[in-house]
A.B. asks: 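Dumping the structure here so I can ask a few things about it.
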Amino acid sequence: MALSISAPPTSSSLLPASLQVGRWSSSAARSARTVAFSLRRPVLVARVASGGNAPSSSVDEVVTELDAVASFSEIVPDTVVFDDFEKFAPTAATVSSSLLLGIAGLPDTKFKSAIDTALADGECNTMEKPEDRMSCFLTKALANVGAEMAHLVPGRVSTEIDARLAYDTQGIIQRVHELLKLYNDHDVLSERLLFKIPATWQGIEASRLLESEGIQTHLTFVYSFAQAAAAAQAGASVVQIFVGRVRDWARTHSGDPEIDEALKKGEDAGLALVKKVYAYIHKNGYKTKLMAAAIRNKQDVFSLLGIDYIIAPLKILQSLEESVTDTDVKYGYVPRLTPALGKTYNFTEEELVRWDQLSLAAAMGPAAEELLASGLDGYVNQARRVEELFGKIWPPPNV
């Protein structure tokens, strides 16, 4: 799930404006076991705004590094699993195969009945082929759990689309429509939903068609400028770049023109990609919001200030929460990414093309190709594990 810890009032928030309040709870995080989430903190009143010149609070107030960074970007804790929803109330959620595995692995969780109900579904049970039946169970379980989440959180619920459909545009669209109908049957409206789609060309094309219907999409496994630019042109609501994974690849490989160019300039390859994509989106006026994931350390967070969303591991968030700032701020709490960045970039004709399947394939580079394939393999394996588990426990007891 994805809980938004804090952000300045902005239309890019995962939450409606009327619900943009909350508090990060490190003690609750320690009880975590199985869900992804996003919290919001109170509006920051301290000398940590742009340029470090925000007016001081009229009363003494402890300001942590987490308060500071959350005044520029929406901070989203990385996926976790927890067994006591009431102790740690999230505001938004992501439903995935890994979440279903976590739920199924806990004997007493409030979402277990959602899985049991999916396994008892009459439509799925009439399917003759075991693989079709298990795929149906998986889809129903995602929607059932997602609907439970949607009734418990005020923000949006993002639902993972089966990675086995990554190269099938119509298959992705059909699956999204199936999930949307199931959500609507549970009285969850489409504006409360995002659908998380792999950023293959077929996934990007599915995003374009779905967004034209008013269905919000969240493109993941983005490792290259070409993927991100094509997704922005398609009108994707959210594009997620894995900063740390790009950096990791760059440390052990060579031969990717995009990464080699960043390294020659003395830049971090992952951060350079985010900066370039952010500039492209704002230079061209696309609606797409940018999300940075695979954050490795606190300095990554400071370097990304101003981006729409930062997904950070709990250990980094807890470190930020435990670090108190003072008037002599250790780090310059200024946005590193602002809309004005678009004016400083001169993109080549090749980068400003109207992307199609051939131009995207030619521009991907070995890093994006390898990382995309690896990410898809991981998601496919998780989906298969869920189906194998469902095959062992189907039919559920008392049905």
Side-chain angles (χ1 to χ4, degrees), residues 12 73 76 158 166 194-208 210-211 216-247 249-250 256-262 267-295 300 303-304 306-311 336-339 341-342 344-376:
S12 69
S73 298
V76 181
S158 183
L194 280 166
F195 294 95
K196 194 173 183 181
I197 299 170
T200 59
W201 170 253
Q202 292 79 3
I204 292 169
E205 181 66 3
S207 172
R208 182 183 69 81
L210 290 165
E211 292 280 353
Q216 301 173 100
T217 59
H218 170 183
L219 285 178
T220 188
F221 296 141
V222 175
Y223 302 105
S224 67
F225 172 79
Q227 286 175 286
Q233 288 182 0
S237 295
V238 177
V239 165
Q240 182 175 336
I241 295 177
F242 292 84
V243 176
R245 294 184 191 175
V246 173
R247 175 188 303 144
W249 193 95
D256 186 290
E258 193 167 81
I259 288 178
D260 290 346
E261 181 182 358
E267 298 178 332
D268 176 276
L271 295 174
L273 175 59
V274 170
K275 185 177 180 181
K276 184 175 182 179
V277 172
Y278 187 92
Y280 176 84
I281 288 171
H282 286 276
K283 188 179 185 74
N284 294 283
Y286 293 117
K287 73 168 189 176
T288 300
K289 303 303 178 184
L290 195 57
M291 176 180 285
I295 302 303
D300 280 349
S303 299
L304 290 164
I307 196 172
D308 299 295
Y309 312 115
I310 299 174
I311 299 180
R336 307 302 173 90
L337 302 173
T338 69
L341 188 63
T344 68
Y345 266 74
N346 293 314
F347 293 95
T348 66
E349 291 184 8
E350 290 79 8
E351 292 170 333
L352 293 173
V353 299
R354 189 70 189 175
W355 294 93
D356 58 26
Q357 186 171 4
L358 291 177
S359 60
L360 177 65
M364 283 271 284
E369 290 174 356
E370 290 178 24
L371 291 169
L372 174 61
S374 175
L376 290 174

A.B. asks: Taking the side chain from E211 and the backbone from S207, do they hold a donor-acceptor pair closer than 3.5 Å?
C.D. replies: no
A.B. asks: Run F242 and T220 through side-chain contact (heavy atoms from CB on, under 4.5 Å) and show every step you take.
C.D. replies: CA-CA 9 Å; F242 292 84; T220 188; 3.5 Å; yes
A.B. asks: Tell me, do S73 and L304 make a side-chain contact under 4.5 Å, heavy atoms counted?
C.D. replies: no
A.B. asks: Checking the side chain of D308 only, and the main-chain atoms of K289 only, is there a donor and an acceptor separated by less than 3.5 Å?
C.D. replies: no
A.B. asks: For the rings on Y280 and Y345, is their centre-to-centre separation under 6.0 Å?
C.D. replies: no
A.B. asks: Any side-chain heavy atom of I204 within less than 4.5 Å of one from W355?
C.D. replies: no
A.B. asks: Side chains of L341 and Y278: does their closest heavy-atom pair fall under 4.5 Å?
C.D. replies: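 Result yes, sub-4.5 Å side-chain heavy-atom pair found.
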A.B. asks: Without swapping roles, check the side chain of T288 against the backbone of V238 for a donor-acceptor pair under 3.5 Å.
C.D. replies: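 No: the side chain of T288 does not pair with the backbone of V238.
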A.B. asks: Might you work through the side-chain contact (heavy atoms from CB on, under 4.5 Å) test for R336 and I307, ending with a clear yes or no?
C.D. replies: CA-CA 8 Å; R336 307 302 173 90; I307 196 172; over 6 Å; no
A.B. asks: Hey, does the side chain of Q216 reach the backbone of S158 with a donor-acceptor pair shorter than 3.5 angstrom?
C.D. replies: no
A.B. asks: Can you find a side-chain donor-acceptor pair between D356 and S359 that sits under 3.5 Å?
C.D. replies: yes
A.B. asks: Does any N or O in the side chain of Q240 come within less than 3.5 Å of the main-chain N or O of H218, such that one atom is a donor and the other an acceptor?
C.D. replies: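 Here the side-chain-to-backbone pair does not exist.
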A.B. asks: Considering all heavy atoms of both residues, which atom of S224 and which atom of L273 are nearest to each other, and what is their separation?
C.D. replies: C-CD1, 3.7 Å
A.B. asks: What are the two closest non-hydrogen atoms of L360 and Q227, and how far apart are they?
C.D. replies: CD1-N, 3.6 Å
A.B. asks: Given K276 and F347, is the side-chain contact (heavy atoms from CB on, under 4.5 Å) satisfied, shown in steps?
C.D. replies: CA-CA 9 Å; K276 184 175 182 179; F347 293 95; 3.8 Å; yes
A.B. asks: Is E267 paired with K275 through a side-chain N to carboxylate O contact shorter than 4.0 Å?
C.D. replies: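 Looking at E267 together with K275, the answer is no, because their closest N to O distance does not fall below 4.0 Å.
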A.B. asks: Using the rule given for side-chain contact (heavy atoms from CB on, under 4.5 Å), can you reason through I281 versus V239, listing the C-alpha separation, both sets of side-chain angles and the distance that settles it, and then say yes or no?
C.D. replies: CA-CA 11 Å; I281 288 171; V239 165; 5.7 Å; no
A.B. asks: Looking at side-chain heavy atoms only, is the closest gap between Q233 and R208 below 4.5 Å?
C.D. replies: no
A.B. asks: So, the side chain of E258 versus the backbone of G365: is there a donor-acceptor pair under 3.5 Å, distance only?
C.D. replies: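 Flag not set: sc E258 to bb G365 has no pair under 3.5 Å.
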A.B. asks: Taking C-beta and beyond as the side chain, do I295 and I311 meet within less than 4.5 Å on heavy atoms?
C.D. replies: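 No - every pair of side-chain heavy atoms lies 4.5 Å or more apart.
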